[in-house]
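Letters A, B, ... mirror the listed sequences (proteins, then strands); counts begin at 1. Every heavy atom of this structure was used, including side-chain atoms; hydrogens, water molecules and symmetry mates were not. Fair warning: this is a prediction, and the values are worked out from it, not measured in the lab.
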Amino acid sequence: MKAKTTTRTAKTKVKPLTDKDRLALFRMMVRIREFEEEVQRSYLEGLVHGTTHLCQGQEAVAAGTGFVFRDDDYVGYTYRGHGHCLARGMDEEGAFAELFGRTTGVCGGVGGSMHLTDIDKGLIGAFGIVGGGLPVSVGAGVTAQMNGRGQLSATFFGDGATNIGAFHEAMNIAQVWKLPVLFICENNLYGEFTRINHSTPYEDLIRRAEGYAMNAVQVDGNDVEAVYAATAEAAARARAGEGPSFIECMTYRHRGHSRTDPAKYRDPKEVEAWLARDPLKLYEAALIKRKLLTREKAEAIIAEERARQRAASERAAAAPWPDTDTIDYAALTFA
Amino acid sequence: MKAKTTTRTAKTKVKPLTDKDRLALFRMMVRIREFEEEVQRSYLEGLVHGTTHLCQGQEAVAAGTGFVFRDDDYVGYTYRGHGHCLARGMDEEGAFAELFGRTTGVCGGVGGSMHLTDIDKGLIGAFGIVGGGLPVSVGAGVTAQMNGRGQLSATFFGDGATNIGAFHEAMNIAQVWKLPVLFICENNLYGEFTRINHSTPYEDLIRRAEGYAMNAVQVDGNDVEAVYAATAEAAARARAGEGPSFIECMTYRHRGHSRTDPAKYRDPKEVEAWLARDPLKLYEAALIKRKLLTREKAEAIIAEERARQRAASERAAAAPWPDTDTIDYAALTFA
Amino acid sequence: MQEITYREAILAALQEEMRRDDKILIMGEDIGPSGGPFKTCQGLYEEFGAARVRDTPIAETGFVGAALGLAITGYRPIAEIMFADFLGVCFDQIVNSIAKHRFMSGGKVKAPLVIRAIGGAGLRFAAQHSQTGESWLLSVPGLTIVCPSSPNEAYGMLRAAIRYDNPVVVFEHKALLSTKGPVDIGGPIPPLTGPKMLREGSDATIVASLAMVGRSLEAAELLAKDGIEAEVFDIRSLRPMITGPIVESVKKTNILLTVEEQAQVGGWGAEVAAQVTDAAFDYLDAPPGRVTLPDFPVPYSPPLEDSVIPSPERIAAAVKALV
Amino acid sequence: MQEITYREAILAALQEEMRRDDKILIMGEDIGPSGGPFKTCQGLYEEFGAARVRDTPIAETGFVGAALGLAITGYRPIAEIMFADFLGVCFDQIVNSIAKHRFMSGGKVKAPLVIRAIGGAGLRFAAQHSQTGESWLLSVPGLTIVCPSSPNEAYGMLRAAIRYDNPVVVFEHKALLSTKGPVDIGGPIPPLTGPKMLREGSDATIVASLAMVGRSLEAAELLAKDGIEAEVFDIRSLRPMITGPIVESVKKTNILLTVEEQAQVGGWGAEVAAQVTDAAFDYLDAPPGRVTLPDFPVPYSPPLEDSVIPSPERIAAAVKALV
Ligand SMILES: Cc1ncc(C[n+]2csc(CCOP(=O)(O)OP(=O)(O)O)c2C)c(N)n1
Ligand SMILES: Cc1ncc(C[n+]2csc(CCOP(=O)(O)OP(=O)(O)O)c2C)c(N)n1
Ligand SMILES: [Mg+2]
Ligand SMILES: [Mg+2]
């Protein structure tokens with residue numbers, strides 16, 4: 001697809017990808033895919049409770065953006081945030097254990113699938129209230145600005161989130177204060193069961209950014225290198241003090257909104273077209289063309305990652321449940 | 001000033017103003033001015049309690065838009081809404097009595113200056129929470145749409161209100177549902193003591209409308225005929241089922257934000273420039289040029305309106321206080 | 001009487017009322033062709049069309065505020081809040097506009113609207129999707145707040161709420177959606193507010209709301225095995241808080257226990273306790289007891305969540321500690 | 001001890017703390033060069049600059065949410081809510097993000113932030129600008145809620161709140177802003193929470209918050225003329241709700257009256273009454289009394305507003321009805 005942009009070129013040059021980088025990007029997408037597939041399997045086995053929101057089909061966004069962030073950047077996301085967490089190095093066993101509600105979970109089993117947080121990795125939080133995370137990321141952006149060390153604050157959200165007030169207030173404040181915030185919109189065309197055309201005046205959400213005079217770019221969210229490049233450019237601007245950017249990644253979720261949703265409200269042709277543009281397959285083909293990969297090599301990576309997730313999930317499933325008698329709720333609630 | 005616009009011409013032609021209309025517009029502006037001056041006087045005498053927000057300098061907006069509305073239209077506004085109420089025929093004695101907290105007030109003295117409401121005149125409410133009235137006006141717009149009688153719903157708000165979430169949600173819903181809602185922004189450059197450039201990425205708020213792909217026009221809010229024409233055009237679109245419009249009226253408040261504010265935060269040059277463009281003086285000069293008015297005739301109208309407001313205020317001041325023993329609070333609270 | 005689920009009862013009430021009065025419309029997220037995330041609106045869109053069954057953008061402030069605008073201009077809107085937890089994002093519209101608009105207008109405006117909010121714990125939805133929401137609005141004059149505990153109440157109360165001429169917040173409970181019970185379809189409209197006795201007893205009075213009603217009834221059965229007969233009330237409405245029948249009961253049983261699925265501080269149990277203490281001071285054999293959620297958010301992990309939600313055993317034990 | 005106003009006390013606390021720790025910053029509307037609509041930030045902008053004293057757009061959700069983001073990444077933000085009534089527009093950020101973020105993270109995140117909200121009736125600001133806000137957040141686990149009733153408390157509590165490592169909501173009262181009192185500038189940091197006895201007495205215990213504290217002390221003087229000695233407590237904190245000292249007092253006086261500037265249903269008085277009834281059941285000579293606002297919004301007209309706010313006379317009469 002052709003990307004729209006209102007980006008003015010940043011002064012800082014974007015680091016071009018090396019072959020090693022490309023393979024790392026591929027592997028990260030595979031990792032996220034296999035993690036989510038394992039979550040799905042675990043859910044059906046009754047290991048994951050309540051609900052969970054998977055991101056198969058959107059891996060290029062998490063992998064491509066995640067490759068840009070520094071260790072000291074801040075990243076905020078939503079209930080559909082497993083990919084963003086993995087891209088930033090969240091321990092998979094800890095992630096599975098959290099989904100399974102075990103003591104070894106990244107949040108001790110207290111948070112759950114919708115609230116994976118790991119502040120030590122700059123993963124500032126998963127917000128379950130649509131739009132709720134954006135103002136928080138604006139605050140992390142103020143921190144980044146005040147620290148003066150070129151940090152940035154990135155925040156992920158969906159197309160549906162651009163309809164709620166918190167989005168508006170966050171965008172406006174970030175622009176007025178020239179904060180180093182990247183607003184990364186994963187436009188997967190649906191908010192739950194409702195297609196974007198029923199909730200938004202248009203489908204290209206880059207137009208939202210016009211209302212804030214914010215630097216903006218729309219990219220093919222299933223093209224990991226395109227995502228990387230757009231993010232790197234916006235990040236360079238942010239780190240250089242040139243303010244926030246809005247990055248719209250056009251993408252699609254392969255599965256339903258959450259685990260109980262068969263997604264029957266989608267046009268099969270639309271689904272088919274997007275499945276044909278599976279970000280993993282696209283990149284595999286691109287890397288094979290570049291001679292960085294063969295089908296066999298790709299399969300090997302997939303098998304490795306599948307085994308890795310499977311092992312992590314098994315370790316997690318063997319971990320103990322929190323002990324209702326000894327858990328220190330006071331310490332969980334107050335520092 | 002030159003007006004910016006993204007208006008596509010409506011199919012319906014706008015009714016041109018007659019000489020009688022012009023004199024009525026002038027008189028209405030004078031009425032609002034004199035009403036507010038009388039409020040001010042009364043405040044200093046201790047008749048108005050708490051706080052009050054005056055609109056001197058912004059009369060052309062209330063008068064010019066008000067002239068467009070039909071009796072069955074719905075109009076919502078803010079704490080700075082006295083002018084909108086008068087333009088729609090709110091009884092002045094009832095308005096003063098409300099400000100004075102008397103039983104004869106339009107809300108029985110229970111609402112006060114910030115909450116003048118007269119549902120029988122389509123004055124659906126004055127909202128004290130910034131942005132709070134916009135979603136309510138969207139609802140009245142749904143009513144207008146469902147009724148199918150070409151009604152519209154107009155909502156007035158300030159520049160500062162465009163920064164809050166409720167504005168965003170209201171604009172978006174109105175556009176997606178193609179509601180007959182007129183969003184009328186009185187851009188007086190300040191939200192309380194803060195100039196627009198500290199709270200918004202630009203000063204021309206018509207740009208906000210781009211984020212919603214909404215029909216929009218910016219007009220000189222001190223030119224009552226320009227306000228009328230832009231509103232009439234947007235109203236024709238709305239009544240014809242062509243959806244909402246955003247109308248930005250560039251204007252200025254002559255006084256401080258509220259009665260305790262001397263407005264020292266404004267550049268005297270800015271104040272001077274805007275005082276020179278007093279909407280009443282501008283229109284008086286225009287009508288004199290058109291030979292519809294003379295200085296003397298204008299003075300006579302001003303004197304008449306002054307006397308009228310004075311008389312209304314005096315009657316209001318003579319009205320009884322609510323009786324704390326007999327007031328039926330239950331009936332005030334529940335239908 | 002038909003045996004239907006709580007979910008079907010909600011739907012039946014919506015359907016019936018919308019058929020009766022074409023000024024009624026409903027707005028919410030995914031309630032159109034999809035029938036609602038909890039399927040409480042299944043088929044409404046097909047029957048009443050897009051104008052009366054409005055899928056909204058994710059914009060609770062926008063559409064809840066719009067409900068007020070509709071109500072004061074002649075319609076009778078219903079707004080569905082998918083999870084009661086989301087009441088936070090439209091709280092201002094409810095507490096500052098909806099609850100007060102009539103009052104501020106000097107009683108001249110009428111605002112017949114219903115906000116349905118589906119809340120509650122027990123389904124492992126974690127801290128941001130498991131609150132009943134009851135306490136948040138408890139203190140707001142101008143609101144009527146009801147909380148159906150069974151299919152029949154869900155059906156009856158919703159019909160009553162829709163016909164009421166003032167704003168009503170209906171707290172539904174997601175753990176009850178699939179529970180079945182007899183519903184008096186087409187029967188008379190029940191009173192919107194006021195408690196209802198569900199079980200007679202002479203030894204203790206238990207007052208509960210929503211999912212805690214069923215658990216309290218179970219607790220009463222456990223107690224009966226030990227010879228303690230508990231009288232169980234469904235509080236039904238939180239605003240107005242009507243305790244007359246509860247006071248009468250306590251005059252007989254001399255023991256009061258409230259059970260709610262919320263933290264103790266700020267919960268309605270304190271109000272019931274205070275009103276009963278006031279009106280039946282000399283009859284109380286013990287200070288009123290309160291069973292509530294602990295004072296922290298709802299945890300995700302199943303054993304943790306299960307341990308914080310009052311169980312029949314815990315309720316029974318609390319009664320025993322009082323008698 | 002210096003005699004300064006409540007307003008000056010707030011400012012002094014902000015100034016002192018911001019000088020001590022450059023991680024502290026403040027955000028709010030018109031708090032920059034204008035010094036705040038209630039002038040509680042006068043001079044901060046000049047002293048600490050635009051980066052640490054941030055004038056915000058009218059976007060409470062935006063900047064209150066930003067406070068959380070700052071807090072969990074190493075700063076200690078303060079957010080000023082101009083009128084407590086506006087807490088409605090940022091309610092979600094407070095109840096679903098700020099109050100829970102540490103808990104949901106498994107206790108790994110620290111959120112040291114302060115929300116100051118200026119509320120209260122008596123100045124003819126009408127229904128949307130006269131609420132104290134106390135009840136709205138009363139039920140929210142994870143929050144610490146304090147409400148200073150005097151210049152010294154405003155100064156001390158704000159300093160304590162700023163130094164506390166968890167989210168604190170400070171409810172200030174606009175009718176107190178110009179009241180003067182002795183303040184221990186530079187003195188030790190007082191406890192953030194817990195009630196404080198302000199007047200000793202043996203005949204009745206009165207517990208009040210914010211502007212009701214002064215009125216309760218006046219009521220005590222009226223009562224003293226009739227030979228009734230009331231012990232008066234400032235509740236100080238609503239979360240945690242600490243009633244130990246009040247219970248001790250009631251064991252002595254056998255009478256409890258709570259006084260709050262909010263509606264009865266959902267108010268903190270019920271919780272104090274319930275806790276005291278629980279802990280001092282056998283000591284109570286009468287059911288606890290509660291003086292509150294009536295169950296409708298605050299009316300504008302001066303005689304109406306004056307008649308709804310509890311007066312010393314009404315408080316004294318309520319005590320007399322109990323003893
Ligand atoms: C304020 C609020 N309203 C509604 C919901 C229920 N809800 C959860 S996810 C969702 C759809 C969000 O869509 P989008 O922002 O596009 O993100 P996606 O799920 O596609 O990643 C909705 C409506 C919510 N969590 N918060
Ligand atoms: C949600 C909210 N935040 C803050 C305020 C306080 N406040 C009242 S008026 C105002 C300024 C509004 O400015 P603008 O929208 O430009 O309207 P104007 O007063 O200029 O007519 C502010 C901040 C409020 N009433 N509501
Ligand atoms: Mg989406
Ligand atoms: Mg303005």
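Proximity to chain D (any heavy atom under 4.5 Å) is shown, for B/I196, by neither the backbone nor the side chain. Heavy atoms of B/T194 lying under 4.5 Å from chain D belong to its backbone as well as its side chain. The contact between D/P37 and chain B is made by backbone and side chain atoms together, counting heavy-atom distances below 4.5 Å. Only the side chain of B/V130 comes within contact range of chain D, judged by heavy atoms closer than 4.5 Å.
Among pairs with a residue in residues 35-56 of chain B, those fulfilling salt bridge (Lys or Arg N to Asp or Glu O under 4.0 Å) read B/E37-B/R255, B/E38-B/R41, B/E38-B/R310, B/R41-B/E45, at least two apart in sequence or across chains.
At a threshold of 4.5 Å between non-hydrogen side-chain atoms, the residues D/H129 and B/M114 count as touching. Annotation: side chain of D/R124 is not in contact with side chain of B/V48 (no heavy-atom distance under 4.5 Å). Side-chain contact between B/H49 and D/E305 is absent, with no heavy atoms from C-beta onward closer than 4.5 Å. Annotation: side chain of D/S301 is in contact with side chain of B/W321 (closest heavy-atom distance under 4.5 Å). When side chains are defined from C-beta on, D/L304 counts as touching B/Y329, because their heavy atoms get closer than 4.5 Å.
For the atom pair D/I58 CD1 and B/N163 CG, the distance stands at 6.5 Å (nearest 0.5 Å). Considering CD1 of B/I327 and CZ of D/F296, their distance stands at 7.5 Å, rounded to 0.5 Å. Distance check, rounded to the nearest 0.5 Å: CD1 of B/I164 to OG1 of D/T61 gives 7.0 Å. Rounded to the nearest 0.5 Å, atoms CG (D/D30) and CD (B/E192) are 4.5 Å apart.
Residues B/G128 and D/Q128 come closest through the heavy atom pair N-OE1, 2.7 Å.
If you tally non-hydrogen atom pairs under 4.5 Å between each of B/L332, B/T333, B/I129 and chain D, the highest count goes to B/I129.
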Using a 3.5 Å cut-off and no angle test, enumerate the donor-acceptor pairs between side-chain atoms of residues 44-52 of chain D and protein atoms at least two apart in sequence or in another chain.
{"from": "D/E47", "atom 1": "OE1", "to": "D/R19", "atom 2": "NH2", "distance (Å)": "3.0"}
{"from": "D/E47", "atom 1": "OE2", "to": "D/R19", "atom 2": "NE", "distance (Å)": "2.6"}
{"from": "D/E47", "atom 1": "OE2", "to": "D/R19", "atom 2": "NH2", "distance (Å)": "3.4"}
{"from": "D/R52", "atom 1": "NE", "to": "D/I24", "atom 2": "O", "distance (Å)": "2.9"}
{"from": "D/R52", "atom 1": "NH2", "to": "D/M18", "atom 2": "O", "distance (Å)": "2.7"}
{"from": "D/R52", "atom 1": "NH2", "to": "D/D21", "atom 2": "O", "distance (Å)": "3.1"}
{"from": "D/R52", "atom 1": "NH2", "to": "D/I24", "atom 2": "O", "distance (Å)": "3.0"}

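In this structure, D/Y300 contributes its side chain and B/F100 its backbone to no donor-acceptor pair below 3.5 Å.
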